[in-house]
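Heads up, the thing below is written out as structure tokens.
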Amino acid sequence: MNIAIVYDSSTGTTAKAAEAMGKTMEAQGHRCYVQSITEANMADVAEADLICVGSWVKGLLFIRQHPTEGTMRFVERLGALSGKKAIVFCTYKTAVGSALRQMSNALEGKGAKVVGQFKYRGPEPNNKFASFAASLT
Ligand SMILES: Cc1cc2nc3c(=O)[nH]c(=O)nc-3n(C[C@H](O)[C@H](O)[C@H](O)COP(=O)(O)O)c2cc1C
């Protein structure tokens with residue numbers, strides 16, 4: 001499977017999580033393209049069989065959480081995603097609120113089917129992600 005992982009990272013945590021996710025997927029035999037939202041090539045992302053979008057959580061620590069504006073703009077700029085599978089992930093410190101749901105809704109608004117949502121309190125993907133990666137065919 002061709003997998004595109006795009007992320008927005010301010011201080012490197014989400015970038016590290018994205019790289020680690022890519023390595024896990026590659027270990028399962030998939031081809032992975034990992035890029036920040038500013039570097040990503042839209043055509044490469046749109047061609048992937050699975051699109052993974054990651055953001056750090058922004059908010060007032062316990063309330064009003066959301067993905068970054070850059071992440072949401074990136075999703076808006078993607079063309080139609082009918083029939084594409086997608087996952088969303090975020091890194092956070094205290095609470096994610098509705099950040100993952102906002103990202104999922106934006107992708108589903110483009111026609112994608114969101115098949116996974118993952119949150120990491122730091123740069124390490126968790127066991128839930130490892131199980132997901134192992135189940136991908
Ligand atoms: C302005 C600002 C607002 C934040 N708001 C939240 C928040 O509401 N909830 C939370 O859990 N973490 C919050 N964080 C923490 C970051 O989401 C977390 O440290 C994240 O892993 C940073 O990712 P990055 O290193 O890829 O930029 C905030 C960080 C900043 C700088």
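Counting starts at 1 for both ligands and their atoms, in listed order.
- Listed by chain and number, the residues in a side chain to side chain contact (heavy atoms under 4.5 Å, CB included) with Ile63 are Leu60 (sequence neighbours excluded).
- Protein residues lining ligand 1, listed by chain and number: Ser9, Ser10, Thr11, Gly12, Thr13, Thr14, Trp56, Val57, Lys58, Gly59, Leu60, Leu61, Gln65, Thr91, Tyr92, Lys93, Thr94, Ala95 [non-hydrogen atoms, distance under 4.0 Å].
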**Report entry** ring-ring contact (aromatic ring centres under 6.0 Å, His included) assessment of Phe118 paired with Phe132
**Finding:** CA-CA 10 Å; Phe118 305 94; Phe132 171 83; 5.3 Å; yes
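- For the atom pair Asn126 CG and Ser131 OG, the distance stands at 8.5 Å (nearest 0.5 Å).
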Requested in this report: Go through the steps for Glu108 and Ser104 under the test side chain to side chain donor-acceptor pair (under 3.5 Å), then give the verdict.
Outcome: CA-CA 6 Å; Glu108 287 184 342; Ser104 295; 5.9 Å; no
Between side-chain atoms of residues 47-59 and protein atoms elsewhere (two or more places apart, or another chain), which donor-acceptor pairs fall under 3.5 Å?
from	atom 1	to	atom 2	distance (Å)
Asp49	OD2	Asn2	N	2.7
Ser55	OG	Thr68	N	3.0
Ser55	OG	Thr71	OG1	3.2
Lys58	NZ	Glu69	OE1	3.3

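- Under the side chain to side chain contact (heavy atoms under 4.5 Å, CB included) criterion, Asp44 pairs with Tyr33, Asn41, sequence neighbours left out.
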